[in-house]
Amino acid sequence: MDQIKKYIDEAREFTAQNPAELEEFRIKFLSKKGILNDLFARFKEVPNEQKKEFGQVVNELKNIVNEKVATLKESFENIGEIHSKLDLTRPGEIHELGARHPINIVKNRIIDIFSRIGFTLSDGPEIEDDWHNFTALNLPEHHPARDMQDTFFIEKGPDVVLRTHTSSVQIRYMEENKPPMRILSPGRVYRNEAISSRSHMMFHQIEGLYIDKDVSFADLRQTLSYFTEALFGKSKIRLRPSYFPFTEPSAEVDVYWGLETETDYRMTKGTGWLEIMGCGMVDPNVLKNVNIDPEEYTGFAFGMGIERIALLLYQIGDIRMYTENDIRFLEQFKSELF
Ligand code: DAH
């Protein structure tokens with residue numbers, strides 16, 4: 001009996017690493033000259049009063065061995081099936097890494113550059129009301145400068161527009177916060193311009209705003225020079241007098257690109273200078289509209305189109321490339337980290 005119980009333990013604990021080991025186990029217990037046949041043969045030698053118990057234990061052993069052989073056999077068959085379908089010589093699947101869109105890369109680089117000097121992000125809605133897009137920015141109704149930006153009106157009424165510039169975020173931020181403030185607002189803007197394959201109804205801008213005590217035009221100039229150096233590696237800039245309703249004085253910013261890269265005189269038209277953005281000192285009327293005292297605070301603002309900056313930075317030949325989704329164009333930006 002002790003020996004049979006040892007067999008039972010052995011059978012219970014048995015596992016096979018491969019079909020050969022399983023076969024060995026099967027032969028040991030179940031073959032003609034195997035353990036079970038031997039035990040059954042010795043049944044007649046067992047004293048009558050022990051026959052019942054003996055029979056039960058031997059049957060238990062038989063069941064355990066049979067079950068073990070069946071389950072191990074099945075699992076080896078499954079593995080065999082998987083292996084027969086598996087071609088280990090096949091090359092692996094290549095997972096192509098995508099690339100960021102150049103508009104996003106440039107946006108993120110600009111954010112990074114200004115965040116180093118304390119500018120934080122702020123955003124506003126793309127569907128905007130007249131007050132934030134125009135009136136508060138010193139563009140009252142019927143002001144001729146409204147025509148500078150062909151506006152999409154939302155059906156709801158003349159008061160609701162698709163924002164024509166990110167300058168609207170300046171107003172929203174100044175209404176909600178107290179100076180000092182330093183914000184950067186990237187986002188989409190919309191203009192109903194003559195529709196040709198070269199003009200776009202939606203594009204991207206980045207707006208900057210800095211309001212504090214004693215902010216001067218010199219601060220503006222130095223900030224922009226820092227920016228062009230960080231982005232283009234060119235710190236030589238010039239500020240050309242210009243006009244925006246929300247700034248006074250206003251200027252157009254040119255960066256000196258030089259003539260070395262000028263192959264066909266199309267980039268700078270032979271001047272070496274490239275226009276990159278508009279800027280100025282925030283008009284006192286704008287500050288009054290958001291309840292900031294212009295006697296106490298001054299500030300500067302600037303706005304630039306991201307498409308244009310990316311065009312210059314990457315020497316992209318045609319603005320249509322941004323939206324054509326041509327993989328040969330897009331994958332050139334794979335190495336850019338931003
Ligand atoms: N909002 C102007 C535009 O869309 C760009 C701009 C110019 C923004 C001067 C400014 C600024 O903040 O000071 O053309």
Side-chain angles (χ1 to χ4, degrees), residues 107 110-111 114 119 121-126 128 130-140 143-152 161-175 179 181-193 199-212 215-225 227-228 237-255 274-287 289-290 292 294 297-309 311:
K107 179 188 84 178
I110 295 171
I111 291 170
F114 280 101
F119 283 74
L121 290 183
S122 179
D123 61 11
E126 289 172 31
E128 192 49 286
D130 186 279
W131 169 255
H132 293 94
N133 196 75
F134 292 123
T135 308
L137 284 162
N138 205 27
L139 278 136
H143 192 290
R146 285 195 179 202
D147 294 342
M148 285 163 75
Q149 302 170 351
D150 299 304
T151 309
F152 280 115
V161 301
L162 289 181
R163 69 177 177 193
T164 58
H165 51 186
T166 43
S167 303
S168 54
V169 187
Q170 289 184 27
I171 302 299
R172 289 198 172 265
Y173 190 83
M174 288 191 287
E175 283 174 339
M181 40 183 116
R182 250 176 297 184
I183 57 155
L184 210 60
S185 309
R188 297 192 187 104
V189 299
Y190 302 83
R191 290 191 198 172
N192 189 5
E193 269 151 20
S199 78
H200 285 252
M201 299 191 294
M202 185 279 287
F203 58 102
H204 300 79
Q205 287 188 332
I206 290 196
E207 191 83 13
L209 175 73
Y210 177 26
I211 308 280
D212 202 347
V215 177
S216 73
F217 202 82
D219 296 320
L220 169 59
R221 197 194 153 88
Q222 189 53 38
T223 302
L224 296 179
S225 175
F227 165 68
T228 59
I237 59 170
R238 74 178 179 194
L239 297 163
R240 264 183 301 112
S242 184
Y243 172 76
F244 298 102
F246 29 88
T247 43
E248 182 60 36
S250 303
E252 218 93 51
V253 184
D254 296 342
V255 60
L274 277 175
E275 183 187 319
I276 55 162
M277 64 169 107
C279 69
M281 302 305 290
V282 178
D283 193 299
N285 286 332
V286 174
L287 295 176
N289 284 337
V290 293
I292 292 175
Y297 291 103
T298 52
F300 62 72
F302 54 87
M304 64 190 117
I306 304 180
E307 274 80 355
R308 183 172 166 74
I309 302 283
L311 219 60

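Both counts, for ligands and for their atoms, begin at 1 and track the order of listing. Basis for what follows: all heavy atoms, side chains included, without hydrogens, waters or symmetry-related copies.
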Self-check item: Gln170: numbered ligand 1 atoms lying under 4.0 Å from its heavy atoms
Solution: 12 (O)
Quiz item: Do Thr164 and ligand 1 have an N or O pair less than 3.5 Å apart?
Solution: no
Self-check item: For atom 12 (O) of ligand 1, the protein heavy atom that lies nearest, with its residue and separation
Solution: Glu207 OE2, 2.6 Å
Quiz item: Any sub-3.5 Å donor-acceptor pair from Arg163's side-chain atoms to Arg188's backbone N or O?
Solution: yes
Practice problem: Please state whether Met277 comes within less than 4.0 angstrom of ligand 1, counting heavy atoms only. | Solution: no
Self-check item: Atom indices of ligand 1, in the order listed, that fall short of 4.0 Å to a heavy atom of Gly280
Solution: 13 (O)
Quiz item: Is the backbone of His204 close enough, under 3.5 Å, to the side chain of Glu307 for a donor and an acceptor to pair up by distance?
Solution: yes
Practice problem: Give the residue, atom name and distance (to 0.1 Å) of the protein heavy atom nearest atom 2 (C) of ligand 1. | Solution: Phe246 CZ, 3.8 Å
Quiz prompt | Nearest atoms (heavy-atom pairs only) where Ala251 meets Leu239 | solution = CB-CB, 4.0 Å
Quiz item: Going by atom types only, do Glu252 and Ser242 share a side-chain donor-acceptor pair under 3.5 Å?
Solution: yes
Quiz item: How about Phe227 and Phe114: are their ring centres within less than 6.0 Å of each other?
Solution: yes
Quiz item: Does the side chain of His165 come under 3.5 Å of the side chain of Gln205 through a donor N or O and an acceptor N or O?
Solution: no
Quiz prompt | Ligand-residue contact atoms, ligand 1 with Gly303, heavy atoms, under 4.0 Å | solution = 6 (C), 8 (C), 10 (C), 12 (O)
Practice problem: Could you tell me which atoms of ligand 1, counted from 1 in the order shown, lie closer than 4.0 angstrom to a heavy atom of Ser167? | Solution: 1 (N), 8 (C)
Practice problem: Any atoms of ligand 1 less than 4.0 Å from a non-hydrogen atom of Gln205? List them with their elements. | Solution: 3 (C), 4 (O)
Practice problem: Report yes if the side chains of Phe134 and Thr164 come closer than 4.5 Å at any heavy-atom pair, otherwise no. | Solution: yes
Quiz item: Is Phe244 in polar range of ligand 1, meaning some N or O pair under 3.5 Å apart?
Solution: no
Quiz item: Taking the non-hydrogen atoms of Met304, is any one of them nearer than 4.0 angstrom to ligand 1?
Solution: no
Exercise. Indicate yes or no: at least one non-hydrogen side-chain atom of Leu137 is less than 4.5 angstrom from one of Phe244.
Key: no
Quiz item: Cut-off 3.5 Å, side chains only: do His132 and Glu175 have a donor facing an acceptor?
Solution: yes
Quiz item: Side chain, backbone, both or neither: which part of Arg191 comes within less than 4.0 Å of ligand 1 when only heavy atoms are counted?
Solution: side chain
Practice problem: Just jot down the ligand 1 atoms closer than 4.0 angstrom to any heavy atom of Ala301, in number order. | Solution: 12 (O), 13 (O)
